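Working notes, structure below.
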Amino acid sequence: MSLVVGIDIGTQGTKAALFDADGACLAEALVASQLHRPKPGVVEEDPERQVDSVCKAVRKCLKDAKADAGDVVGVGIDGQMAGVIGVGRDGQCVTPYDSWLDTRCAPYIKKMEQQAGDEVLAKTGCVPSFNHGPKKLWWKHERKAAYRKIAAFVQPGGYAAMRLCGLTGEQAFIDTTYLHFSGFADNQRGRWDEGLCEQFGLDMAKLPRIVKPQEVVGQVTATMAKRCGLKAGTCVVAGCGDTAASFLAAGATQAGVCVDVAGTASVFAATTGKFRADVKQRVLACGRSAVPGLWHPYAYINGGGMNLEWFREQVASAGKRRGGMSLTKLNELAEAVAVAADNPMFVPHLGGRVSPPQPNLRGAWIGLSWDHTLGHLYRAVLEGVAMEYAVYKDVLGGLYRGAAVKELRVTGGGEKSGLWNTIKSDALQTPVRRIERSFGAPAGAAMLAAWGVGLVGSLEQIAADWVALSTATKPQRRLAKHYQNRAARYQKLLNVLDE
């Protein structure tokens with residue numbers, strides 16, 4: 001039997017999953033993360049604890065599945081994308097993990113934006129934000145002693161792979177799916193950009209080698225084999241970013257397939273055959289797909305999925321015992337609400353808008369009357385995400401003229417809501433499909449491992465074999481005009497509320 005392990009180093013925890021060659025999940029394990037918040041704006045993790053969580057999760061999978069370590073032929077690791085870890089010449093960390101949630105680099109976001117914002121976006125595909133570029137500059141200017149020790153900046157997935165394989169700082173790597181967050185890459189050409197590095201005085205020697213996600217970067221050492229339960233010599237591939245892994249796990253291996261990650265954040269991603277930076281509207285970022293030759297223009301609502309639980313606890317259950325109203329009951333109430341032009345609208349940006357950056361924008365219900373019920377309010381919360389997605393789709397259509405949007409594949413906890421899927425389908429006038437057998441990002445990482453070690457011939461092949469889709473929820477054409485009008489009104493509301 002040939003087995004592969006997929007590992008996802010997430011913000012809440014590290015999840016590992018063991019798969020056979022047919023895509024059957026034999027075991028899963030989760031080890032909780034430990035975030036350090038010593039003072040406002042600072043969010044860090046211990047990289048060695050992340051490595052330990054990988055070892056514990058893999059060992060538990062092997063134990064629970066009663067699997068022979070010798071049957072595991074490959075390991076793939078994905079992880080949080082926008083944070084950085086500084087590693088020394090020996091390949092071990094000399095800084096904590098500077099999380100994507102850490103906001104200390106804000107002054108350097110402003111610096112990069114003012115000095116070369118359009119150039120950074122045009123070359124990398126993403127605006128300067130709480131991602132690699134400003135963070136590298138923060139370490140350069142604010143922690144000079146630590147910066148001198150840094151041989152390369154890497155991400156959690158790459159660091160864990162380096163430690164499993166005993167790689168040095170000179171062998172440090174970043175795979176191509178992270179480059180849009182790098183701040184200093186020519187993403188389209190898959191290389192570091194000397195001009196951007198010169199503008200900001202960043203030492204190019206501290207930038208790791210760029211590799212492909214399926215590339216075998218090393219083998220598990222004897223020491224690490226004892227810690228994680230794998231056999232020494234097991235191949236480890238580079239892996240990819242967590243969103244890229246999620247898109248792969250949804251089977252987004254051809255142009256026209258869109259993905260809705262209905263999780264804590266609500267992510268809308270398209271799949272295209274060309275790189276195009278959204279310089280004009282600054283809504284869509286453009287990152288490389290794990291599939292060669294494909295790209296993912298995407299945008300997201302920070303906390304879009306979190307709004308549902310917020311509504312349940314703070315609005316629907318107000319005055320009752322905590323947890324008094326279930327999401328299932330709220331869906332039933334919202335399903336009873338007829339589609340109407342005078343239904344209230346909801347702006348879902350309770351924590352500020354991300355795509356494009358409008359940090360001062362906040363959530364709101366608009367158009368309330370005494371006739372509106374709890375069901376109306378909750379339906380508006382669901383519809384708010386769909387309206388934001390409609391804006392993203394419109395920007396996508398302008399950026400990629402004539403690009404077909406064949407279907408939207410939904411993954412994450414929100415996929416369970418049939419009503420939400422129906423609203424999204426009607427609002428986007430696009431078929432929506434759930435992933436029936438979904439194991440999320442670890443499955444994407446495992447697919448890369450299977451391809452990298454030669455277990456399968458292509459990602460398209462393994463996605464076709466592993467990803468099971470539901471029957472499509474088809475859009476109601478009679479509602480096309482209704483949602484077109486609401487999307488236009490929604491966009492006007494965003495403009496007014498941001499003033």
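In what follows, every heavy atom counts, from backbone to side chain, and hydrogens, waters and symmetry copies are set aside. In this text the structure is predicted, and so the values were computed from the model without any measurement.
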Worksheet item: Is it true that a side-chain atom of Arg288 and a backbone atom of Trp295 form a donor plus acceptor pair closer than 3.5 Å?
Response: no
Discussion item. Counting neighbours of CD on Glu436 that are heavy atoms of other residues, nucleotides or ligands and sit closer than 6.0 Å, is the number greater than 12?
Written reply: yes
Worksheet entry | Check: Tyr108 ring centroid to His141 ring centroid under 6.0 Å | yes
Item to complete: Please determine, by modelled atom types, if Trp100 and Thr11 share a side-chain donor-acceptor pair under 3.5 angstrom.
Response: yes
Worksheet item: Is there a donor-acceptor pair under 3.5 Å between the side chain of Gln114 and the backbone N or O of Lys111?
Response: no
Worksheet item: Does the ring of Trp420 carry Lys424 above it, NZ/CZ under 6.0 angstrom from centre and within 45° of its axis?
Response: yes
Fill in: Criterion salt bridge (Lys or Arg N to Asp or Glu O under 4.0 Å) on Lys110 and Glu113, from CA distance to verdict
CA-CA 5 Å; Lys110 185 176 181 180; Glu113 184 61 56; over 6 Å; no
Item to complete: Establish, from distance only, whether the side-chain atoms of Glu388 and Tyr300 form a donor-acceptor pair under 3.5 Å.
Response: no
Practice prompt. Decide whether a cation-pi geometry holds between Lys206 and Tyr147; the criteria are a distance under 6.0 Å from NZ or CZ to the six-membered ring centre and an angle within 45° of the ring axis.
Written response: yes
Practice prompt. Inspect the surroundings of CE in Met204 and state if more than 12 heavy atoms from other residues, nucleotides or ligands are less than 6.0 Å away.
Written response: yes
Worksheet item: Counting only heavy atoms not in Glu194, do more than 12 sit closer than 6.0 Å to its CD atom?
Response: no
Practice prompt. Side-chain contact test, heavy atoms from C-beta onward, threshold under 4.5 Å: evaluate it for Val217 versus Gln171 and give yes or no.
Written response: no
